[in-house]
Structures are given as structure tokens and as C-alpha cells.
Amino acid sequence: MAQGRLKARKESVLAERFAVFAECLLTGVWIAVASLGVVTYPAAFAAGARHLRRRTAHQGGGWREFADDFRAALRGGWGVGLGGWAAAAVVWVDVQAVRAGLPGGPLVGAVGLFALIGAAVAGLRAAAIWAPGERWRVLLRAAGRRTVLDPAGSFLLIGGLALVALSAWVVAPLAVPVLGAVAAAAVAVEERYRHR
């Protein structure tokens with residue numbers, strides 16, 4: 001048969017979905033490796049989310065594109081990562097106040113913990129829509145609004161973060177590929193919000 005007469009073989013729906021799942025797991029490994037710089041986790045999630053957006057749109061993309069996106073996201077993303085660690089330190093101090101039995105400690109601890117969870121969700125939502133040239137401050141401000149205005153999507157991401165924590169607690173290596181599933185969930189939540 002001639003090359004022109006060959007029909008393109010289409011993948012089954014199951015095969016396509018499994019390929020997306022496998023891509024999520026691989027992306028989780030890339031995110032984990034890129035996050036080893038401690039303050040680089042926002043840039044790693046942004047690059048991972050952008051990679052998954054490309055793959056689900058059937059565009060190219062691989063490790064090189066991920067690395068290019070990571071370097072671009074790192075320009076402003078390291079400051080976001082530093083701010084995230086500072087917020088975690090403040091919440092840790094709040095938890096210590098609760099443990100010490102200081103007056104008002106439980107209220108301050110609860111408020112701090114909820115604020116940290118909200119900040120993490122907003123950070124994931126901002127990373128899910130990041131593109132080269134975007135400013136992190138603008139993305140975070142808009143993501144904070146979406147975090148409040150779309151509670152269903154925000155709770156989905158909280159569940160994803162809980163799944164990563166549970167995976168790390170049960171079998172630590174499982175937390176690495178699950179990071180890609182959380183990035184995919186953030187992309188899906190943002191896509192759902194965009195089409196509302």
C-alpha cells in the first residue's frame with residue numbers, strides 16, 4: 001500500500017486517558033526534581049502545569065520544554081516560594097502557641113492554618129495558568145479571588161494536597177508522582193472555572 005492510502009490509526013479513549021495519567025505521573029517526578037531547590041516549587045508546578053496543558057492539547061512538549069518553562073517561571077517564582085516558606089514558618093509559630101497553651105492560641109492557630117491552606121490553593125491555581133511573561137503578583141491576586149469565588153474547585157485542590165500528604169505518610173515515594181496529579185487537578189479546576 002502507498003503511504004498516502006494508510007489511514008491514521010486513532011487511539012482508543014482508554015489508551016488516551018491512560019497516556020494522560022502516565023504523563024501526569026512523569027510530570028510529578030519532574031516537579032519533584034525541580035523543587036529540590038526548596039524555593040523553586042512554584043516554578044516547578046507552573047512548568048508542570050504548562051507541560052500538561054500542552055500534552056492535553058496534543059501539542060509537543062517534553063523535558064526540554066519543561067526545563068525552559070521552569071527557568072522562565074523561576075525568574076519571579078523563587079520569591080513566591082520564599083514567601084510560602086515564610087508563611088509556613090509563621091503558622092508553625094502559631095501551632096507552637098497553641099501547644100504552649102497561650103490565651104487565644106487555638107484561634108490564632110486555626111486562622112493561621114486556614115490561611116496557609118488558602119495560600120497553597122491560590123498558589124496552585126496561579127501556577128496552573130502561568131505562561132512565560134506573566135507576573136506572579138498579578139497571577140496570585142487573581143488566583144486568590146478565584147480561590148474564594150470557586151469553593152468547589154478550591155476544595156478539590158485541598159483534597160489533592162491531602163492526597164499528597166497521605167501518600168507521603170503511607171509510602172513516601174508515592175508522593176512524588178502524585179505531585180503531577182495535583183498539577184493536573186489544578187489545570188482541570190482552572191479550565192472548569194474558565195468555562196463557567
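- Distance check: Trp30 CH2 to Leu52 CG gives 9.0 Å after rounding to the nearest 0.5 Å.
- Counted within 6.0 Å of CZ on Arg99, heavy atoms from surrounding residues, nucleotides or ligands total 12 or fewer; the atom is thus considered open.
- Using a 4.5 Å cut-off on side-chain heavy atoms (C-beta onward), Phe18 and Leu14 make no contact.
- Side-chain contact between Phe45 and Leu179 is present, with at least one heavy-atom pair separated by less than 4.5 Å.
- With respect to the salt-bridge test (charged N to carboxylate O, under 4.0 angstrom), the residues Arg53 and Asp69 do not qualify.
- Tested against Glu190, the residues Ile129, Leu124, Asp150 include a single side chain to side chain contact (heavy atoms under 4.5 Å, CB included) partner, Ile129.
- Heavy atoms only, all atoms of each residue included: Phe70 and Ala47 are closest at N-CB, 3.6 Å.
- Atom NE2 of His195 sits about 4.5 Å away from atom CD of Glu191, to the nearest 0.5 Å.
- Atom CZ of residue Phe66 and atom OG1 of residue Thr27 lie 7.5 Å apart, to the nearest 0.5 angstrom.
- Summarising the local packing, CZ of Arg137 is surrounded by 12 or fewer heavy atoms from other residues, nucleotides or ligands at distances under 6.0 Å.
- Distance CG/Leu157 to CG/Leu163: 12.0 Å, rounded to 0.5 Å.
- Note on ring orientation: taking the six-membered ring where Trp is involved, the planes of Trp130 and Trp136 are parallel (angle under 30°, cut-offs 30° and 60°).
- For the pair Leu113/Asp94, no side-chain contact is recorded, criterion being any heavy-atom separation below 4.5 Å from C-beta on.
- Heavy-atom neighbours of Trp63 CH2 from other residues, nucleotides or ligands within 6.0 Å: above the threshold of 12.
- The pair Glu65-Arg50 does not count as a salt bridge, with every side-chain nitrogen at least 4.0 angstrom from each carboxylate oxygen.
- Expressed to the nearest 0.5 Å, how far CG of Leu174 lies from CG of Leu25 amounts to 10.0 Å.
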